[in-house]
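Heads up, the thing below is written out as structure tokens.
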Amino acid sequence: MSYDDSYISMDIMEQTPQESSTSLWKQISTIRQTALEAYRRKPISHWILLALSSVAMLIAFPASSILSRVYYDNGGKSKWIISWVSVVGWPIPALLLFPMYFLSEIRPTPLNWKLIISYIVLGFLSAADNLMYAYAYAYLPASTASLLASSSLVFSVLFGYLLAKNQLNASILNAVFIITAAVVMIGLDSNSDRYGGITDRQYILGFVWDILGSALHGLIFALSELVFIKLLDRKSFHVVLEQQVMVSFFGFLFTTLGVLLNNDFQNMKSEAASFVGGTSSYLLVLIWSAISFQLGVLGGTAVLFLSSTILAGVLNAVRVPITSIGAVIFLKDPMSGFKILSLVITFWGFSSYIYGSSSISVMLTYRRRFYNDV
């Protein structure tokens, strides 16, 4: 910490209660003024894209999670198939991308070895992440799996600090502790939400794979942010589509290889025949799973590109209860008192993270103004 930073921090610590209250109002005013300035700096098309991306993230991700559980509830067995469905929709962002090349002056981002390797690595990690979540949804209720997946914020903070050098403060560390406690609480209440036919070993495996998938998701999030910062030009939205097309394509290649080695393509016909509702229902579940997952990934990546990790954290906080409530309504998931308490604690953790991230932004704003005045 520099001399100027220490001076600012000591000045804040020595404030009286009245000065602290005034300082809080100054922070609120600064946040409001910063938001207003940010709004004025961006064209209306930016805010339309951000709104659409946020809605896609809040609707598509919960729908994808619920459909994964529907697949297993109605007779699906393969973990590789549901993982493959997550990336088989990679042409969807391509259908949105190619018209941009032809109808505007936008040109494809030049490929180099660093960018290609980053796409391959992210594609492989995404394929592994999808497989881990497939095991989680095979053995856990959708509401439980969603709550456990909220731990990805913990790993996003960790990897963001280690890789992207993101700043930390007490509120963010408090969020990490609170969300970890919420995850432990779900583990202690494991007997209240287990589906019939799921053994102790399977439930534990689902729990472990969900946490590992969340850790990998946090790593992918930090690496994607690094790719945007280091290798891609953030001036145009088309780079979001380019990244999703390439990462999903390589994830599709890796997952297809796994499906072939596991002989799951040969088993799809018999699986569809025994599926509740028949072959048509089987295909509808897989098709809508593919569409919803791609729209969710596109929405999340676009929010990261168009706004910040803070807004992405807010939307992640909102989609957790949406998934849990949707699972209770459509899948009749059990909702115990421990699970409700865990959901409330998760909200608390996300709120602490949002406040901590906002405080860092305000401090940086104060610092820039202080240096400008000097």
Side-chain angles (χ1 to χ4, degrees), residues 1 5 9 12-13 20 24 27 31 61 65 129 132-133 136 140-141 143-193 203-204 206-225 300 303-304 308-324 335-364:
M1 181 181 290
D5 293 340
S9 299
I12 293 173
M13 292 175 62
S20 297
L24 176 61
Q27 288 187 15
I31 293 173
F61 268 137
S65 299
D129 193 41
M132 292 177 185
Y133 279 134
L140 300 175
S143 55
T144 301
S146 174
L147 286 170
L148 291 175
S150 67
S151 63
S152 63
L153 176 61
V154 174
F155 299 104
S156 295
V157 170
L158 173 63
F159 290 120
Y161 173 76
L162 295 175
L163 299 178
K165 308 302 180 184
N166 293 336
Q167 298 187 46
L168 299 178
N169 58 21
S171 293
I172 292 178
L173 293 177
N174 181 59
V176 171
F177 175 79
I178 290 171
I179 293 176
T180 302
V183 171
V184 172
M185 188 175 298
I186 294 175
L188 295 175
D189 192 40
S190 61
N191 289 326
S192 68
D193 66 348
Y203 188 91
I204 293 173
F207 196 98
V208 171
W209 283 122
D210 207 341
I211 298 298
L212 290 177
S214 300
L216 189 53
H217 187 77
L219 176 61
I220 293 170
F221 191 83
L223 291 176
S224 297
E225 188 175 8
V303 167
L304 174 63
S308 65
T309 54
I310 298 176
L311 181 58
V314 173
L315 296 178
N316 266 320
V318 174
R319 75 182 179 93
V320 168
I322 290 176
T323 305
S324 298
M335 183 59 75
S336 66
F338 269 108
K339 194 181 290 187
I340 294 173
L341 181 58
S342 177
L343 180 60
V344 173
I345 291 176
T346 299
F347 254 131
W348 178 15
F350 274 117
S351 300
S352 181
Y353 168 76
I354 294 165
Y355 175 78
S357 300
S358 301
S359 299
I360 289 175
S361 298
V362 170
M363 181 179 293
L364 292 175

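Because only heavy atoms are used, hydrogens play no part in the values below, and waters and symmetry mates are left out as well, while side chains stay in.
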Discussion item. Has S146 got a side-chain atom pairing as donor or acceptor with S143's backbone, closer than 3.5 angstrom?
Written reply: no
Worksheet item: Does any N or O in the side chain of S342 come within less than 3.5 Å of the main-chain N or O of A182, such that one atom is a donor and the other an acceptor?
Response: yes
Min side-chain heavy-atom separation [X]-[Y] under 4.5 Å:
| X | Y | answer |
| --- | --- | --- |
| F155 | I211 | yes |
| S214 | S151 | yes |
| F61 | T323 | no |
| I220 | L216 | yes |
| D129 | Y133 | yes |

Nearest 0.5 Å, what's the [atom1]-[atom2] distance between [X] and [Y]?
| X | Y | atom1 | atom2 | result |
| --- | --- | --- | --- | --- |
| L147 | L343 | CG | CG | 5.5 Å |
| N174 | I179 | CG | CD1 | 9.5 Å |
| F159 | L162 | CZ | CG | 7.5 Å |
| I322 | S65 | CD1 | OG | 11.0 Å |

